[in-house]
Amino acid sequence: MLKHGILGLLNYSAMNGYQIMTVFRDSLSFFWQAQTSQIYRELQMLEEHGWISSKRMEKENKHDSNMLFITEAGRKELLRWLKEDNPKNIVRSPLLMKTFFRGECSIDDNIDFFKKLPQQQAVFNSNKDDIYSLNNAYTKNINEPLKALYWKFTIDFGVMYEKMLFQWCQNCISELEKIKESDSKGDK
């Protein structure tokens, strides 16, 4: 999937590796994590497949830079991937695995766990308004508002996910506090 994310970014504009990492961090990292080393490994593989090409560009007063371009074969692969039927999305969530077994912990530990969880699992590390502003800035760079609308859709998903997670944690805390209260009344 990372390779298709990189192809998607290069489909908007030629970039060097550093620019790809920066745009990835500012956008795709909200829903797909990748280390710098993974991105560079994928870039090598993309070039081996003929999906991207590179050209050394000289810059005044700066280091030379390898600019990366999506090839026609790369565009075809991106479109093939976008149009393929998606298999059922199986959720693999360490959070849910941990939650499933939290009965091994005390109620107080679990209440504390659910209180901290929304901040720990936050999709956005900064203000949501900043994310929308960043999206608007990238939109102006590519000057294709319809394409950028889909970027906004992913931000909207992240905002709704954070709201859902917060509400879910509140529900879990409420149920645990009721059990705790019921247990303390039974001890009297």
Side-chain angles (χ1 to χ4, degrees), residues 1-47 49-84 86 89 93 95 116-167 169:
M1 264 263 224
L2 177 57
K3 66 184 170 209
H4 293 104
I6 294 170
L7 285 174
L9 292 176
L10 289 173
N11 192 51
Y12 293 120
S13 172
M15 295 182 227
N16 62 33
Y18 177 78
Q19 290 168 321
I20 290 170
M21 289 184 314
T22 301
V23 174
F24 194 97
R25 182 199 63 224
D26 290 345
S27 57
L28 301 179
S29 68
F30 301 129
F31 52 87
W32 195 266
Q33 300 297 311
Q35 302 298 319
T36 301
S37 59
Q38 292 173 297
I39 291 173
Y40 277 101
R41 242 188 338 266
E42 287 295 329
L43 289 171
Q44 266 186 319
M45 189 274 308
L46 291 170
E47 195 160 16
H49 278 83
W51 293 342
I52 66 171
S53 63
S54 62
K55 183 178 180 183
R56 191 147 201 79
M57 307 293 277
E58 291 183 28
K59 293 184 175 184
E60 289 183 30
N61 301 325
K62 291 191 177 187
H63 298 288
D64 291 351
S65 177
N66 273 338
M67 292 302 288
L68 302 162
F69 302 83
I70 191 169
T71 63
E72 191 56 38
R75 277 191 193 84
K76 285 179 182 175
E77 171 57 21
L78 177 62
L79 288 174
R80 182 208 60 78
W81 175 72
L82 288 170
K83 292 178 181 180
E84 80 181 6
N86 292 327
N89 186 15
S93 169
L95 165 64
K116 293 177 181 173
L117 196 59
Q119 186 59 37
Q120 292 171 342
Q121 294 289 316
V123 174
F124 305 110
N125 295 328
S126 59
N127 184 324
K128 288 161 195 59
D129 292 337
D130 293 342
I131 302 306
Y132 284 108
S133 294
L134 188 59
N135 183 59
N136 291 338
Y138 278 120
T139 299
K140 289 176 186 169
N141 273 348
I142 67 159
N143 198 25
E144 295 190 47
L146 184 58
K147 289 182 180 180
L149 178 63
Y150 296 93
W151 303 349
K152 179 189 165 297
F153 291 164
T154 60
I155 295 170
D156 293 344
F157 180 90
V159 169
M160 290 178 193
Y161 172 80
E162 284 188 351
K163 287 179 185 176
M164 180 281 304
L165 181 66
F166 178 79
Q167 185 60 52
C169 287

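For the atom pair CG of N11 and CD1 of I6, the computed distance is 13.5 Å after rounding to the nearest 0.5 Å. Note that the NZ atom of K152 and the OG1 atom of T139 stand 11.0 Å from one another [nearest 0.5 Å]. Residue M21 holds its CE atom at 4.5 Å from OG1 of T36, rounded to the nearest 0.5 Å. Interatomic distance, CD1 of I39 versus CG of L2, reported as 6.0 Å (0.5 Å rounding). Atoms NE2 and CD, on H4 and E42 in that order, are 9.5 Å from each other to the nearest 0.5 Å. Separating the CG atom in D130 from the CG atom in D26 is a distance of 11.5 Å, to the nearest 0.5 Å.
Residues L95 and Y161 share a closest heavy-atom pair of CD2-OH, 4.4 Å. The two atoms that bring L165 and Q121 nearest to each other are CD2-CB, 3.3 Å, heavy atoms only. Residues A73 and G50 come closest through the heavy atom pair CB-O, 3.8 Å. Summarising the geometry of I70 relative to L10, their closest heavy-atom pair is CG2-O, 3.6 Å, with the distance given to 0.1 Å. In plain terms, the two heavy atoms of I20 and L9 that are nearest each other are O-CD1, 4.1 Å.
Every salt bridge (Lys or Arg N to Asp or Glu O under 4.0 Å) that E77 has, sequence neighbours left out, goes to R80. Annotation: side chain to side chain donor-acceptor pair (under 3.5 Å) contacts of K76 (sequence neighbours excluded): none.
Residues M164 and Q167 are not in side-chain contact: their nearest non-hydrogen atoms beyond the backbone lie 4.5 Å or more apart.
S54 places no side-chain N or O within donor-acceptor distance of the main-chain N or O of M67, the cut-off being under 3.5 Å. Within the 3.5 Å criterion, the main-chain N or O of N16 finds a donor-acceptor partner in the side chain of Q19.
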Chi angles and distances behind the side-chain contact (heavy atoms from CB on, under 4.5 Å) call for L46, L68: CA-CA 10 Å; L46 291 170; L68 302 162; over 6 Å; no
L149 vs F153, side-chain contact (heavy atoms from CB on, under 4.5 Å): CA-CA, chis, key distance, verdict: CA-CA 6 Å; L149 178 63; F153 291 164; 3.5 Å; yes
side-chain contact (heavy atoms from CB on, under 4.5 Å) between W151 and N136, intermediate numbers included: CA-CA 10 Å; W151 303 349; N136 291 338; over 6 Å; no
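Within 6.0 Å of atom CZ in F166, 12 or fewer heavy atoms from other residues, nucleotides or ligands are found, so the atom counts as exposed in its surroundings. Crowding of M45 atom CE: a count of heavy atoms from other residues, nucleotides or ligands under 6.0 Å exceeding 12. More than 12 heavy atoms of other residues, nucleotides or ligands shown are found within 6.0 angstrom of CD on E72. Counting non-hydrogen atoms of neighbouring residues, nucleotides and ligands closer than 6.0 angstrom, the CH2 atom of W81 exceeds 12 such neighbours. Summarising the local packing, CD of Q35 is surrounded by 12 or fewer heavy atoms from other residues, nucleotides or ligands at distances under 6.0 Å. Under a cut-off of 6.0 angstrom, the local environment of CZ in F31 is crowded, with over 12 non-hydrogen atoms contributed by other residues, nucleotides or ligands.
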